[in-house]
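What follows is a set of notes on a single structure, which appears directly below.
Throughout, a chain's letter reflects where its sequence line sits, starting with A, and its residues are numbered from 1. Keep in mind it's a predicted model, so treat the numbers as computed, not measured.
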There are 2 protein chains.
Amino acid sequence: MLNYQAPLDLAFQALSDPTRRIMVERLARGPASVSELARPLAMTLSAVVQHLGVLEASGLVRSQKVGRVRTCRIEPKALTAAERWIAERRANWDRRLDALGAYLDETEPQPKSRRKS
Amino acid sequence: MLNYQAPLDLAFQALSDPTRRIMVERLARGPASVSELARPLAMTLSAVVQHLGVLEASGLVRSQKVGRVRTCRIEPKALTAAERWIAERRANWDRRLDALGAYLDETEPQPKSRRKS
DNA sequence: CTGATAGTTAAGCATTAACTTAAGTATAGA
DNA sequence: TCTATACTTAAGTTAATGCTTAACTATCAG
C-alpha cells in the first residue's frame, strides 16, 4: 500500500553488501571513475554499474558524466544520517544503563556485598 | 568459494529493514519479550520471531528464555562496530577535504576573487 | 488436569537481489 | 574515419527475503 522506502532502508541496505562497502571505501579516499571502482572487484563492469546504481539510489554516492567517463564521489550527508541513527540508539541504551547503575547505587550503596538485603 | 558473511554484512543487512529498526529502537529503551516486541507491529508473531532471528544472527540482539518468555536485549558492541565503520569512512573523506582545502589555500591565497590566476 | 499464554518450526509463495551474457551507444585518439 | 575505451541496457538465472498459514511444544494459573 505504501511503497516509499525510507532513506535509512536504502542506506543500510546499500552498506550491507561487501562489494559496495569496498566501493565506498575507495570513494572515501577520493573520487573515482566506474572503471577504477571496478578494477579490484572480481565481477563484470555491468555488475559494478548495478552496484553503483544501488549506491546512488541510497544517496550515499553521486556521480556525473563528462565525456565518456563517469566520476563518482561520496555524499557524506547520507553517511552521517545512518551513523546518527545508530549513535542515537546506542546513546539511548547507554543512558539507560547509567540510570540503572545510579538506581542500584542508591538502593544498595554497599560497594560489593550481599546479594539480598 | 568463501562463504563467510562478515559481521558488518549481517549488521547492516539487519538494520536495513524498518521492522527490525523498530525492534532495535524498542530494545534501546530496555529489554523486552518477543510479544512486547510484536505488539506494535502489523504482522504475525511468527514473522517477528523470524526478524528476531536475523537480529540475533547479526549479533545486534541477544536473548534468553526463562520459563515460557524469551527476553531480548540489545548488544551495543555490534551496534558500535557498524557505527565505527561509517565514522571511519566519513572521517577519511573529511580529512581529504581538509587537505584539499589547505592545498587550495596555499596555491591561491586570495580570500574570494579571481577564478583563474 | 485443562485451558490459555508464549513461543517455535516447517512449508509455501511472491518479490527482490546479485549476478551473467550479449548487444548496444557515445567519446577520444591515431 | 577507424578503433579502442568507457560505459549502458536488457534479458535471464539463481538464491535470498519477508511474509503467511498451520501444526506443535512448553509453561503457568486455576
What nucleotide among [options] has an atom nearest to a side-chain atom of [X]?
X	options	answer
Arg68(B)	dT9(D), dT20(D), dA4(C)	dA4(C)
Gln50(A)	dG18(D), dC7(D), dC19(C)	dC19(C)
Leu45(B)	dT8(C), dT27(C), dT20(D)	dT8(C)

Would you tell me if any nitrogen or oxygen in the side chain of [X] comes within less than 4.0 Å of OP1 or OP2 on [N]?
X	N	result
Thr19(A)	dA18(C)	no
Gln13(A)	dT16(C)	no
Arg70(A)	dT8(D)	yes
His51(B)	dC19(D)	yes
Lys65(B)	dA26(D)	no

Separation of atom [atom1] in [X] from atom [atom2] in [N], rounded to whole Å:
X	N	atom1	atom2	result
Glu36(B)	dT5(C)	CD	C1'	14 Å
Glu56(A)	dC7(D)	CD	P	12 Å
Leu52(A)	dA18(C)	CG	C1'	15 Å
Phe12(B)	dT17(D)	CZ	P	16 Å
Met43(A)	dA18(C)	CE	C1'	8 Å
Leu41(A)	dT20(C)	CG	C1'	16 Å
Asp9(A)	dT15(C)	CG	P	19 Å
Leu15(A)	dA17(C)	CG	P	15 Å

Problem - Comparing Val66(B) and Val69(A) on DNA chain D - which has the more 5′ nearest nucleotide - result: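 Its nearest nucleotide lies further toward 5', so the answer is Val69(A).
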Problem - Heavy-atom side-chain contact between Leu15(B) and Leu15(A) under 4.5 Å - result: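 They are not in side-chain contact.
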Handout entry: Arg70(B) and Leu52(B), any side-chain heavy atoms less than 4.5 Å apart
Key =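 The answer is yes; the side chains approach within 4.5 Å.
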Practice task
Using only heavy-atom distances, decide whether a donor-acceptor pair under 3.5 angstrom links the side-chain of Thr44(A) to the base of dT21(C).
Solution key: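 No.
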Handout entry: Side-chain-base donor-acceptor pair under 3.5 Å for Ser46(B) and dT21(D)
Key =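 Yes, the side chain and the base share a sub-3.5 Å donor-acceptor pair.
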Handout entry: Whether Trp85(B) and Phe12(B) hold their rings parallel, tilted or perpendicular, with breakpoints at 30° and 60°
Key =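 Ring orientation, 0 to 90° scale: perpendicular.
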Exercise for the section: Would you kindly compare Ser16(A) and Ser33(B) by the position of their nearest DNA chain C nucleotide and give the one closer to the 5′ end? Expected result: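 On the 5' side of the pair lies Ser33(B).
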Exercise for the section: Give a yes/no verdict on a cation-pi contact between Arg89(B) and Trp93(B), requiring under 6.0 Å between NZ or CZ and the six-membered ring centre and an angle within 45° of the axis. Expected result: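 No.
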Exercise for the section: Determine, using the 4.5 Å side-chain heavy-atom cutoff (strictly less than), whether Val61(B) and Ile22(B) are members of one ILVMFWY cluster. Expected result: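 Same cluster: Val61(B) reaches Ile22(B) through Ile, Leu, Val, Met, Phe, Trp or Tyr contacts under 4.5 Å.
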